[in-house]
Student: 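So that we are looking at the same thing, I have put the structure below in structure tokens.
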2 protein chains.
Amino acid sequence: MPEPNIYKEHSKFFIAVDCVIFGYENEELKLLLYPRRFEPYFHDWSLMGGFVQEGESMYMAARRVLKLTVGLENIYLEQVGGFSEPERDPGGRVISMAYYSLIRINEHDKDLVAEHGGKWFSISKVPTLVFDHAEMVENALKKLQHKATYELIGKDLLPDVFTLTQLNNLYNAIFQRSFDAGNFRKKIGSLKVLDRLATKQTNTSKRGAFYFRFKENIDHNQYDRIVKF
Amino acid sequence: MPEPNIYKEHSKFFIAVDCVIFGYENEELKLLLYPRRFEPYFHDWSLMGGFVQEGESMYMAARRVLKLTVGLENIYLEQVGGFSEPERDPGGRVISMAYYSLIRINEHDKDLVAEHGGKWFSISKVPTLVFDHAEMVENALKKLQHKATYELIGKDLLPDVFTLTQLNNLYNAIFQRSFDAGNFRKKIGSLKVLDRLATKQTNTSKRGAFYFRFKENIDHNQYDRIVKF
DNA sequence: GCAAAAGTGTTACCGGTACACCCATGT
DNA sequence: ACATGGGTGTACCGGTAACACTTTTGC
């Protein structure tokens, strides 16, 4: 028989999730932040978060927050790590799990974001953040870079169809360095995870650049590394 | 002024830590497990865990559990990930953070472990585990492998001094494959993170093998990768 | 024709891998 | 002398990086 409430002597805690929301626009990796509405740290920038509810996993809570924040469901979401220093939040004892998500910046609900004062910041110009949110962002970026190293990302950040130059720029933005265009193209080609379409992008160059699209059902285990550290 | 208890409307949860304790012995990577003492899952094997207390971070809780479990302090400890499915623990709603630690198996307190029925299992022969503990172990092993890929590990698992063959065997155990002895030695040498001592191990071969020791103050960022996936 | 972005080709080099080979020593 | 584990040398191969070069097309 189950032990009758063997746990009740222990302490309970508020559990929050904080979402590091990445987007890509104008050749920059961007981060969605919100202004804190009360002291302490009034006016400082903050990740969007929320409290875990009864009967809800942390992952579910993060999905709920994202739905309420950017109006999107079924977007990429991954756990970053737990933050539990007793004094991390002066407002009370709150243990938080950071998640990071990737969204197509042009597909999110801009009005919803504006309602709460949300603003996109370039990853290279992140302002001071409340509590330990800077560490959450830092760890999230490392996770994103790691992911981008071992598999070709872009599906969640770029439009459905995109040019290799756009993908190259995305990688430049994520790693804050410049990948050789020729070598990048060859590497991408060798992965065989993109389909080249018949259509071309014509607004950025006279010659035009072929559009590409991610294949369906990619086996991520077959990938070579893309970036060499 | 601080908002007066803006959080109180939210739910609170029990927070636990579960420790994936790795050790190395007889050319095998091992895992320390404990038998569960009550239903459900009576007699099944389980990670050693404990509840987070007031004023304590999850990391501190994990250190406390390790001190009580194997009698060791100041050992390697790293967060693996949070587990929060509502039904994960039939005994109650508990959110758990998994940690993994590396210990020198011959330095831990064997009597303390025996008291609680703890037993070491080869990583290749892990029994059925309670709840989501198998997933914790799996993720912990992946983290360990990743760590071992980007920096030379062994300091926390091997004795102070060791031979290159021992280190080679440790890597074989961690990755469950066999690294070429010649190539392994060359790679390790190129990292310049070990000092060769004047003394030799003489019990395993007639010729004897030089002992090595990790240098102090190693800058982990300078490392090459050790394992190519 | 020329500028500008797209896309290809060439070459040198480095590191991983496989494996043959030498070394030191206890029996 | 020979078996045994320790340790070194070598040759091949593939991927990376740097960069020169060609293609296409609007102006």
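Computed from a predicted structure; not experimentally measured. Within every chain, numbering begins at 1; the chains are lettered A, B, ... in the order of the sequence lines, protein sequences first and strands thereafter.
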Student: Against the six-membered ring of A:Phe179, is A:Arg177 placed for a cation-pi contact (under 6.0 Å from the centre, within 45° of the normal)?
Tutor: yes
Student: Rounded to whole Å, how long is the line connecting atom CD1 of B:Ile188 with atom C1' of D:dT8?
Tutor: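 Atom CD1 in B:Ile188 sits about 16 Å away from atom C1' in D:dT8.
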Student: Within this structure, what is the CG-to-P distance between A:Asn169 and C:dA5, rounded to whole angstrom?
Tutor: 11 Å
Student: Let's see if you can work this out: which of D:dT10, D:dG7, D:dG26 has an atom nearest to the side-chain heavy atoms of A:Lys206?
Tutor: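 It is D:dG26.
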Student: Between C:dA5, D:dG7, C:dT17, which nucleotide has the shortest distance from any of its atoms to the side chain of A:Ser205?
Tutor: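 The answer is C:dA5, which lies nearest to the side chain.
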Student: Among D:dG5, D:dC19, D:dT16, find the nucleotide with the atom closest to the side chain of A:Asn183.
Tutor: D:dC19
Student: Could A:Arg36 and A:Asp44 be called an ion pair, given the rule that one side-chain N must be under 4.0 Å from one carboxylate O?
Tutor: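 Between A:Asp44 and A:Arg36 there is no salt bridge, as every charged N stays at least 4.0 Å from the carboxylate O atoms.
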Student: I need the CG-C1' distance between B:Asn168 and D:dG6, as an integer number of Å.
Tutor: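 Rounded to the whole Å, the gap is 12 Å.
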Student: Which whole-number value in Å describes the distance from A:Phe184 CZ to C:dT8 C1'?
Tutor: 17 Å
Student: How long is the line joining CG of A:Leu191 and C1' of D:dG14, in whole Å?
Tutor: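 Distance, rounded to whole Å: 15 Å.
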Student: Which nucleotide wins on minimum distance to the side chain of A:Asp180, given the candidates D:dA18, C:dG16, C:dA6?
Tutor: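 Looking only at heavy atoms from C-beta outward on A:Asp180, the closest nucleotide is D:dA18.
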Student: Below 4.0 angstrom from OP1 or OP2 of D:dG6, is there any side-chain N or O of B:Thr165?
Tutor: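 Checking B:Thr165 against D:dG6: at least one side-chain N or O falls below 4.0 Å of OP1 or OP2.
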Student: Please figure out whether A:Thr204 or B:Lys200 has its closest DNA chain C nucleotide nearer the 5' end.
Tutor: A:Thr204
Student: From C-beta outward on A:Phe210, which listed nucleotide comes closest to its side chain: D:dC19, C:dG16, C:dG7?
Tutor: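 Of all the options, the side chain of A:Phe210 is nearest to C:dG7.
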Student: Please report, rounded to the nearest Å, how far the C1' atom of C:dT17 is from the CZ atom of B:Phe179.
Tutor: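 One finds 13 Å between C1' of C:dT17 and CZ of B:Phe179, rounded.
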Student: Can you tell me how far the CZ atom of B:Phe22 sits from the CD1 atom of B:Ile174, to the nearest 0.5 Å?
Tutor: 9.0 Å
Student: What about A:Phe162 and A:Phe214, are their ring centers closer than 6.0 Å?
Tutor: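 Centroid separation for A:Phe162 and A:Phe214: below 6.0 Å.
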Student: So, does the side chain of A:Lys186 form a donor-acceptor pair with the base of C:dG9 at under 3.5 Å?
Tutor: yes
Student: Would you kindly compare A:Gly208 and B:Gly208 by the position of their nearest DNA chain D nucleotide and give the one closer to the 5′ end?
Tutor: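 First, find each residue's nearest nucleotide; the 5'-ward one identifies B:Gly208.
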Student: Name the closest nucleotide to the B:Arg207 side chain, picking from D:dT23, C:dG26, D:dG5.
Tutor: D:dG5
Student: Between A:Phe184 and A:Tyr171, is the ring centre distance below 6.0 Å?
Tutor: yes
Student: What is the separation between atom NZ on A:Lys187 and atom C1' on C:dT8, rounded to the nearest whole Å?
Tutor: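 Distance, rounded to whole Å: 18 Å.
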Student: Within this structure, what is the CD-to-C1' distance between B:Gln201 and C:dT25, rounded to whole angstrom?
Tutor: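 Atom-to-atom, B:Gln201 to C:dT25, this comes out as 15 Å.
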